[in-house]
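In what follows, every chain begins at residue 1, and chains take the letters A, B, ... in the order their sequences are listed. Keep in mind it's a predicted model, so treat the numbers as computed, not measured.
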2 protein chains.
Amino acid sequence: MKWDDPLPESIPVPLWFQIAERLRTAIKRGDFQPGETLPSEARLNQVFGVSRATSRTSLDRLEQDGLITRRSGKGSIVISPRVDQPVNEMSGFAEDMRRRGLLPSYDTRFVGRIRAPAEVTEALEIKPNMRVYQSRRLLKADGRPIGFAVSWLSPSLFRRIRPPSADDLNRGSLYEWLARQCGVKIIGAREFIEAAIVQKDMAAELNVPLGSAVLIARRSSHGSNGLPVEYAVLHFRADRYRFHLQVNR
Amino acid sequence: MKWDDPLPESIPVPLWFQIAERLRTAIKRGDFQPGETLPSEARLNQVFGVSRATSRTSLDRLEQDGLITRRSGKGSIVISPRVDQPVNEMSGFAEDMRRRGLLPSYDTRFVGRIRAPAEVTEALEIKPNMRVYQSRRLLKADGRPIGFAVSWLSPSLFRRIRPPSADDLNRGSLYEWLARQCGVKIIGAREFIEAAIVQKDMAAELNVPLGSAVLIARRSSHGSNGLPVEYAVLHFRADRYRFHLQVNR
DNA sequence: CAGTGGTCTAGACCACACA
DNA sequence: GTGTGGTCTAGACCACTGT
């Protein structure tokens with residue numbers, strides 16, 4: 001499939017998205033090398049028979065994803081490719097692992113209601129000392145411990161719906177469960193990333209010697225209504241995990 | 001200043017940007033609370049006398065910056081505000097520190113040409129064992145060590161221009177120097193973030209005990225032509241520094 | 001139903017880069 | 001000069017949300 005083959009007719013996918021995907025795969029394949037320019041907006045209009053706004057929307061997306069930069073008078077220039085797959089797009093642990101070619105699994109250690117510490121009530125924007133649903137899970141990749149996730153969910157989710165069981169949590173992604181059962185999609189988050197020396201109980205869970213380094217992420221997630229959904233603290237083995245992110249502008 | 005005051009006439013700033021700034025400050029000020037909706041696109045058209053494409057571009061920017069989400073049929077919904085200052089937008093160390101209310105300074109330990117290790121030649125996309133310009137700098141905030149930056153610059157920068165001196169580097173941001181002297185703006189980067197136990201020489205520089213944790217960032221920066229400009233490895237004291245990032249979609 | 005954002009068209013004028 | 005992306009207008013039809 002060449003990048004400029006005609007688009008299929010009347011499928012329920014936006015034109016701008018189809019065009020962006022064409023260019024994206026062409027870049028991945030190496031048809032456009034880093035430093036080279038993509039076809040101009042006018043050219044895309046001719047090739048795909050669309051208006052300029054549509055082809056611009058395609059390029060907007062590629063720019064936002066860090067694949068190209070655009071310069072007035074020059075064109076849309078391909079940026080050196082990512083070495084790895086993922087980036088800082090929103091993704092749960094399971095998806096993250098699959099993209100790295102590893103098989104994710106969970107061991108749920110605890111589920112239940114507990115009194116939330118201040119760090120949590122602040123993040124979830126609820127009253128101090130309120131009781132919230134907590135889960136504690138060991139995260140594994142190809143069967144080996146890689147991280148430990150402690151997660152608190154907003155009480156507002158469980159007015160009508162029962163919280164997930166340990167089985168639910170072992171079965172798959174928490175985010176998928178929230179989407180299926182609560183109709184809540186997590187669409188963004190704020191994260192703090194820190195380094196620390198592993199604590200005793202966490203060393204046992206992660207199966208690392210005392211004195212090892214861990215990578216810690218504290219994540220506040222929000223749904224499409226803009227309100228907090230989950231607060232999570234994740235510890236990762238420093239020898240098996242690193243964050244990868246793409247920064248623009 | 002209310003968010004819907006008339007826009008000044010004929011200033012050389014895009015309308016969509018001015019509108020986005022109005023809404024941004026209104027959100028920061030609390031005129032629109034988290035979970036509330038912003039004025040609809042049609043309303044913005046009336047208020048500012050612009051076309052729908054223009055008001056949409058404003059909202060696109062706010063969405064990209066993680067301030068709002070949009071739902072067809074509902075509106076543009078304000079997301080809970082960031083606790084800290086900005087986030088994963090491109091910024092050098094100096095700017096980063098100033099945003100945290102700290103005074104940045106540098107102690108340059110070394111500048112000169114050295115043979116680049118494989119990690120560097122790969123990131124800069126140059127031939128193995130090529131000699132490149134390296135700098136090693138201690139990063140300080142309010143006079144106290146906070147990190148250590150080792151940076152390699154692409155040889156292509158110095159065909160016509162002399163590399164920066166230790167004085168240049170002590171004086172201010174490397175990125176500002178590159179912009180001024182080489183006309184190269186860094187517009188994006190790829191980063192890996194890791195945790196580790198501090199090494200002996202680094203412990204001495206950072207003034208931390210052996211066995212402490214450090215946060216390590218490995219950054220490949222590229223300019224507006226999409227080609228690599230700088231590769232840097234930064235070690236941060238875990239007790240004084242953490243990353244903060246905003247994840248969308 | 002009316003209002004919302006999502007997508008798309010067909011034009012326009014501008015500043016910028018390069019030959 | 002020609003071609004590039006940056007900005008902007010004035011329409012249009014659609015799917016979705018709530019009443």
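In this structure, A/Arg61 atom CZ and C/dG6 atom P are separated by 12 Å, rounded to whole Å. Atom CD1 in A/Ile68 sits about 11 Å away from atom C1' in D/dG5, given to the nearest Å. For the pair B/Ile77 CD1 and D/dC16 P, the computed distance is 16 Å after rounding to whole Å. If you measure from atom CG of A/Leu62 to atom P of D/dG5, you get 13 Å, rounded to the nearest angstrom. Counting to the nearest Å, the P atom of D/dT4 and the CG atom of A/Leu38 are 13 Å from each other. Following rounding to the nearest Å, B/Leu44 (CG) and C/dT4 (C1') show an atom-to-atom distance of 12 Å. Distance CD (B/Glu41) to P (C/dG3): 15 Å, rounded to an integer number of Å. Atom CG of B/Asp60 and atom C1' of D/dG6 are 14 Å apart (whole Å).
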5' to 3', nucleotides 9-19 of chain C under a 4.0 Å protein heavy-atom cut-off (B base, S sugar-phosphate only, - none) gives B--B--BBSS-

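Taken to the nearest 0.5 Å, the CG atom of B/Asp65 stands 4.5 Å off from the CZ atom of B/Arg24.
When the side-chain nitrogen and oxygen atoms of B/Ser76 are compared with OP1 and OP2 of C/dG5, one or more of them lie within a distance under 4.0 Å. Regarding contacts with the backbone of C/dG3, every side-chain N or O of B/Ser40 stays at 4.0 angstrom or more from both OP1 and OP2. Here A/Arg56 reaches the OP1 or OP2 of D/dG6: one of its side-chain N or O atoms lies under 4.0 Å away.
Across all strands shown, B/Thr57 has no heavy atoms under 4.0 Å from either base or sugar-phosphate atoms.
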Could you go through the side chain to side chain contact (heavy atoms under 4.5 Å, CB included) check for B/Leu15 and B/Gln18 one step at a time? CA-CA 5 Å; B/Leu15 289 172; B/Gln18 296 183 53; 4.3 Å; yes

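Looking only at distances, a side-chain donor or acceptor of A/Gln33 sits under 3.5 Å from a matching main-chain atom of A/Gly30. Of the possible polar contacts, one joining the B/Ser40 side chain to the B/Arg43 backbone as a donor-acceptor pair under 3.5 Å is found. A donor-acceptor contact shorter than 3.5 Å is absent between the side chain of B/Arg219 and the backbone of B/Leu234.
With a 4.5 Å cut-off on side-chain heavy atoms, B/Tyr231 and B/Arg218 count as touching.
Comparing atom distances between the B/Pro14 side chain and each of D/dT4, D/dT7, C/dG5 picks out D/dT7 as nearest.
No side-chain donor-acceptor contact under 3.5 Å links B/Gln64 and B/Arg61.
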Under 3.5 Å for both distances, Watson-Crick or G-U wobble, that's the pair rule; now give the dot-bracket for DNA chain C, with | marking pairs to another strand and [ ] for crossing ones. ||||||||||||||||||.

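Relative to the ring axis of A/Phe192, B/Arg242 places its NZ or CZ within 45° and under 6.0 Å from the centre.
Among residues two or more places apart in sequence or in another chain, the salt bridge (Lys or Arg N to Asp or Glu O under 4.0 Å) test is passed with B/Arg70 by B/Glu41, B/Asp60, B/Glu63.
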